[in-house]
Amino acid sequence: RLALVFEDSGSMSLPDAVEAGGRKAVSRWTQALGWAAALDSVFADRTQELDILLLRGNGHEPLREFRLTDPVIPDPSHHGTDLGALVGQVHDRLAGRGARATVLVSDGQETGRSTGTGRVGATGPVHVVGVGDPDGPADRMIKDLRYPDAAYAGDEVVIEFAVDHRF
């Protein structure tokens, strides 16, 4: 058994910069699912059977199992990621299920305070596969920026703005 764990947070829905040749970039989530489909087809051609368990989570919400053949695999929409807690959830889920290894697919955008225990021994080795452009678009933005039209040296200036999540 191989466990493929996909980070399920809003940052995985972000598209990366436009690819060479001007082709529209796909989201990190689409990249991750494409990678899983390719891996699945590689192992389908082998004579030895491999049970691949697909899980998605962000460490804040419960893990969810899914299949590549599901009619709809929704894009991630949860806010925040706690990778330590996510690995702990995977450990708890796989305890006694005979997983030989775990592969965590993530863009590495950990935004939550880690509460994970780091218990990975019973799940075999944990391999991390990164997806996405590390220099891609930010998932936060400044909006409603208000400032005075003019200011002079020594003036006290008030600037107002809001920080918003892209989703």
Side-chain angles (χ1 to χ4, degrees), residues 3-40 53-93 102-120 126-167:
L4 292 180
V5 182
F6 297 86
E7 177 193 336
D8 188 6
S9 70
S11 64
M12 289 289 285
S13 292
L14 292 174
D16 285 320
V18 175
E19 296 176 4
R23 292 188 323 215
K24 183 178 176 185
V26 297
S27 72
R28 297 166 182 183
W29 182 251
T30 301
Q31 291 176 43
L33 292 180
W35 180 81
L39 184 66
D40 190 50
L53 176 66
L54 300 176
L55 299 167
R56 63 190 293 177
N58 66 354
H60 298 294
E61 307 289 329
L63 279 174
R64 293 180 292 158
E65 191 171 336
F66 70 101
R67 293 180 182 16
L68 291 174
T69 57
D70 288 347
V72 175
I73 301 173
D75 285 346
S77 61
H78 296 290
H79 295 286
T81 305
D82 182 341
L83 293 174
L86 179 57
V87 170
Q89 288 176 332
V90 170
H91 174 273
D92 293 344
R93 179 74 168 264
T102 300
V103 177
L104 172 61
V105 182
S106 170
D107 65 1
Q109 299 294 319
E110 183 167 40
T111 55
R113 189 170 146 212
S114 183
T115 58
T117 61
R119 299 164 295 162
V120 296
V126 175
H127 305 279
V128 179
V129 175
V131 294
D133 177 1
D135 298 324
D139 60 356
R140 303 261 188 247
M141 64 182 172
I142 294 178
K143 70 176 200 173
D144 298 330
L145 179 63
R146 283 172 270 177
Y147 53 90
D149 291 333
Y152 299 97
D155 285 355
E156 184 174 312
V157 177
V158 176
I159 299 173
E160 297 176 312
F161 62 91
V163 177
D164 195 18
H165 196 275
R166 277 184 72 172
F167 307 105

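Quick caveat: nothing in here was measured; it's all calculated off a predicted structure.
Residue R64 qualifies as enclosed at atom CZ: its count of foreign heavy atoms under 6.0 Å is above 12.
In terms of heavy-atom proximity, N58 sits nearest to S9 at CB-CB, 4.5 Å. Nearest approach of S106 to L83, heavy atoms of both residues: OG-CD2, 3.9 Å. Pairing each heavy atom of G59 with each of A85, the nearest pair is O-CB, 3.5 Å. In terms of heavy-atom proximity, L4 sits nearest to A36 at CD1-CB, 4.2 Å.
With hydrogens and angles ignored, the 3.5 Å screen pairs no side-chain donor or acceptor of D70 with any backbone N or O of V72.
You'll find the side chain of L54 reaches within 4.5 Å of the side chain of F6, heavy atoms only. Side-chain contact between V129 and W35 is present, with heavy atoms from C-beta onward closer than 4.5 Å. Using a 4.5 Å cut-off on side-chain heavy atoms (C-beta onward), V5 and V105 make no contact.
The CZ atom of R56 sits 6.0 Å away from the CZ atom of F66 when rounded to the nearest 0.5 Å. A distance of 10.0 Å separates CG of D107 from CD of Q31, quoted to the nearest 0.5 Å. Once rounded to the nearest 0.5 Å, the distance linking CG of D75 with CH2 of W29 reads 8.0 Å. The CE atom of M12 sits 13.0 Å away from the OG atom of S77 when rounded to the nearest 0.5 Å. Rounded to the nearest 0.5 angstrom, L63 CG and D92 CG are separated by 9.0 Å. Rounding to the nearest 0.5 Å gives a distance of 6.0 Å between OG of S11 and CZ of R28.
Applying side-chain contact (heavy atoms from CB on, under 4.5 Å) to P148 and the options V157, V158, D155 leaves one that passes, V157.
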Review point. So R93 and E65, salt bridge (Lys or Arg N to Asp or Glu O under 4.0 Å) or not? Walk me through it.
Key: CA-CA 10 Å; R93 179 74 168 264; E65 191 171 336; 3.4 Å; yes
